[in-house]
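As structure tokens, the structure follows; a few thoughts come after it.
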Amino acid sequence: MASMTDIIFLLLIFFMITSTLVVPNSIKLTLPQAQKQTVAKPLSRVTIDARGNYYVAAGNQSERRVSFDEIAPFLQERYKKEPEMFVALYADESVPYREIVKILSIANENKFKMVLATRAPKYK
């Protein structure tokens with residue numbers, strides 16, 4: 001069970017680290033906007049679409065739909081192959097925050113490095 005410090009740390013990461021990534025993503029998402037972008041290149045991706053479906057992918061592979069219970073084993077297997085991996089979380093902006101926290105909890109429990117995919121704001 002995550003302590004309050006761990007949750008606060010995850011929230012801090014959530015607000016400090018955002019990323020625009022150039023990887024193929026065939027799932028239609030409206031990513032949230034963020035002012036700052038990073039260029040960290042993840043080796044694994046977790047995607048949550050507007051309907052709450054979960055998808056995983058590694059590298060340039062296409063996303064495949066999985067159940068929530070399949071996410072942690074997938075990431076653990078990827079971590080065995082590449083301990084320095086980053087995990088990118090792509091979540092539609094309409095996804096409830098509790099779903100994002102569930103993925104962040106998997107990352108925290110396994111010590112995975114996470115980046116959150118966002119889109120750059122539109123300037124007028």
* Where A58 and R45 come nearest, the two heavy atoms and their spacing -> C-NH1, 4.5 Å
* Asked: Nearest heavy-atom pair of K113 and M85: which atoms, and what distance?
  -> CB-O, 3.9 Å
* To the nearest 0.5 Å, how far apart are NZ in K102 and CD1 in I48? -> 8.0 Å
* **Between CG on residue L89 and CE on residue M114, distance to nearest 0.5 Å** => 4.5 Å
* To do: For the residue pair V46 and L75, establish whether any side-chain heavy-atom pair is separated by less than 4.5 Å.
  => yes
* Where do S94 and A50 come nearest, in terms of heavy atoms and distance? -> OG-CB, 3.6 Å
* Test side-chain contact (heavy atoms from CB on, under 4.5 Å) on E70 and Y54 and set out the steps. => CA-CA 9 Å; E70 294 174 281; Y54 295 99; over 6 Å; no
* To do: Without swapping roles, check the side chain of N110 against the backbone of I106 for a donor-acceptor pair under 3.5 Å.
  => yes
* Asked: Can you tell me how far the CD atom of E84 sits from the OH atom of Y79, to the nearest 0.5 Å?
  -> 7.0 Å
* Asked: Yes or no on side-chain contact (heavy atoms from CB on, under 4.5 Å) for D92 and D49, after CA distance, side-chain angles and deciding distance?
  -> CA-CA 5 Å; D92 189 273; D49 69 13; 5.6 Å; no
